[in-house]
There are 2 protein chains.
Amino acid sequence: MAKNYTPVSAASDVETIFKMLEGRWKLIILFHLFGGKVQRYSDLEKLIPGISQKMLAQQLRQLEADGIIERKVYPVVPPKVEYRMSEWGQSLCPALDALLKWAEARPAELKVG
Amino acid sequence: MAKNYTPVSAASDVETIFKMLEGRWKLIILFHLFGGKVQRYSDLEKLIPGISQKMLAQQLRQLEADGIIERKVYPVVPPKVEYRMSEWGQSLCPALDALLKWAEARPAELKVG
DNA sequence: CAGTATCCGGGTAGATACTG
DNA sequence: CAGTATCTACCCGGATACTG
């Protein structure tokens, strides 16, 4: 590993990362923005059935505060707001890929139960 | 990516992974088992201050059910139970490393606020 | 030693209504 | 269009007590 990790510090660092990414809707928002895609608030509402306006706004705020996504407001009427991944946020993709690869390597007998 | 991911399926797959790893104590348990370390129930109790017996047992059961760790019971009195990573569980390490690397690449201006 | 059983409180998400 | 505000319900985790 890159740093001097102890079991406690490594777990705590990963927990910090998880806190940034978990939450009922964050991942699905992120995957709708990966690859440089730009989406308006209303686009995301349509892309994510079942999400409430409160939750969409809240999760977007948190992702923005953590620097994973960027929010751009156009001073027009009616309002127009765009969301996109930050450069750093985009670089999350390979790490999530590693997790997906790991899941695919799961022994077959476990995939059912 | 390896499979035919849509934003929805990729998010859902990652969520499944997160559900296996999140939970108040799972990561710290895992990091105390990574590297082939073997721990008894009472070892983990000592290594993880603040955890209750209920939570320790519960998180261990879930990790075992997901195939990430293995549980070995010795039929002796007093009881002796050992926990270790499964082969697949051990292979989670590089994926978590990728996440840690990602966190380290976070722009400096964000690390404070 | 290695667990279960039970009760309880706080936080997160859902539903609904309202607004610049 | 892009949000806030408020109320409520549920579930996770903590505390405590008990057991093969």
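Chain naming here is simple, since letters A, B, ... match the order of the sequence lines and numbering starts at 1 in each.
For the pair B:Q59 and A:D43, both in contact range of DNA chain D, the more 5′-proximal nearest nucleotide belongs to A:D43. Along DNA chain D, the nucleotide nearest A:S42 and the nucleotide nearest B:R24 are compared for position; the residue whose nucleotide lies closer to the 5' end is A:S42.
Interatomic distance, B:D13 CG to A:L96 CG, rounded to the nearest 0.5 Å: 11.5 Å. In this structure, CE in A:M85 is found 8.0 Å from OG in A:S91, a value given to the nearest 0.5 Å. Distance CD1/B:I69 to OG/B:S86: 8.5 Å, rounded to 0.5 Å.
A donor-acceptor pair is defined here as one N or O able to donate and one able to accept, closer than 3.5 Å; such a pair exists between the side chain of B:Q90 and the backbone of B:G35.
Proximity of A:I17 to B:L100: side-chain heavy atoms (C-beta onward) are separated by under 4.5 Å at one or more points. In this structure, B:L63 and B:L33 have side chains that are not in contact, with every pair of non-hydrogen atoms separated by 4.5 Å or more.
Contacts of B:S52 with the nucleic acid, taken as non-hydrogen atoms under 4.0 Å apart, are absent. Within 4.0 Å of A:Q58, counting heavy atoms only, lie sugar-phosphate atoms of the nucleic acid but no base atom.
Hydrophobic clustering, with ILVMFWY side chains joined whenever heavy atoms are under 4.5 angstrom apart, groups A:I48 together with B:V8. A chain of hydrophobic side-chain contacts below 4.5 Å, direct or via other Ile, Leu, Val, Met, Phe, Trp or Tyr residues, connects B:L60 to B:V73.
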Dump every N/O contact between nucleotides 6-10 of chain D and the protein below 3.5 Å, one line per pair.
none

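Annotation: salt bridge (Lys or Arg N to Asp or Glu O under 4.0 Å) contacts involving residues 31-52 of chain B, sequence neighbours excluded, are absent. Each salt bridge (Lys or Arg N to Asp or Glu O under 4.0 Å) pair with one or both residues in residues 83-95 of chain B, not counting sequence neighbours, appears once here: B:E82-B:R84. Listed by first and then second residue, the side-chain hydrogen bond (donor to acceptor under 3.5 Å, both in side chains) pairs that reach into residues 47-60 of chain B come to none, sequence neighbours excluded. Applying the ring-ring contact (aromatic ring centres under 6.0 Å, His included) rule to pairs touching residues 80-110 of chain B yields A:W88-B:W102, A:W102-B:W88, sequence neighbours excluded.
Contact between the side-chain N/O atoms of B:W25 and the OP1/OP2 oxygens of D:dG14 is found at a separation under 4.0 Å.
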Using atom types as modelled, flag every donor-acceptor pair under 3.5 Å from a side chain in residues 22-32 of chain B to any protein atom, sequence neighbours excluded.
from, atom 1, to, atom 2, distance (Å)
B:K26, NZ, B:M20, O, 3.4
B:K26, NZ, B:Q62, OE1, 2.9

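For DNA chain D, the residues of residues 15-23 of chain B within the heavy-atom distance limit of 4.0 Å (strictly under) are B:G23, sorted by number. Proximity of residues 72-79 of chain B to DNA chain D (heavy atom under 4.0 angstrom from any strand atom) is restricted to B:P79.
Taking 4.0 Å as the cutoff to heavy atoms of chain A, we find the contact window on DNA chain C bounded by C:dA13 to C:dG20.
Residues satisfying the side-chain contact (heavy atoms from CB on, under 4.5 Å) test with B:T16, not counting sequence neighbours, are none.
With the end axes of the helix from C:dC1-D:dG20 to C:dG20-D:dC1 each set by five pairs, the angle from one to the other reads 60° at 10° resolution.
By the 4.5 Å side-chain criterion applied to Ile, Leu, Val, Met, Phe, Trp and Tyr, B:V76 is assigned to a cluster that also includes B:Y74.
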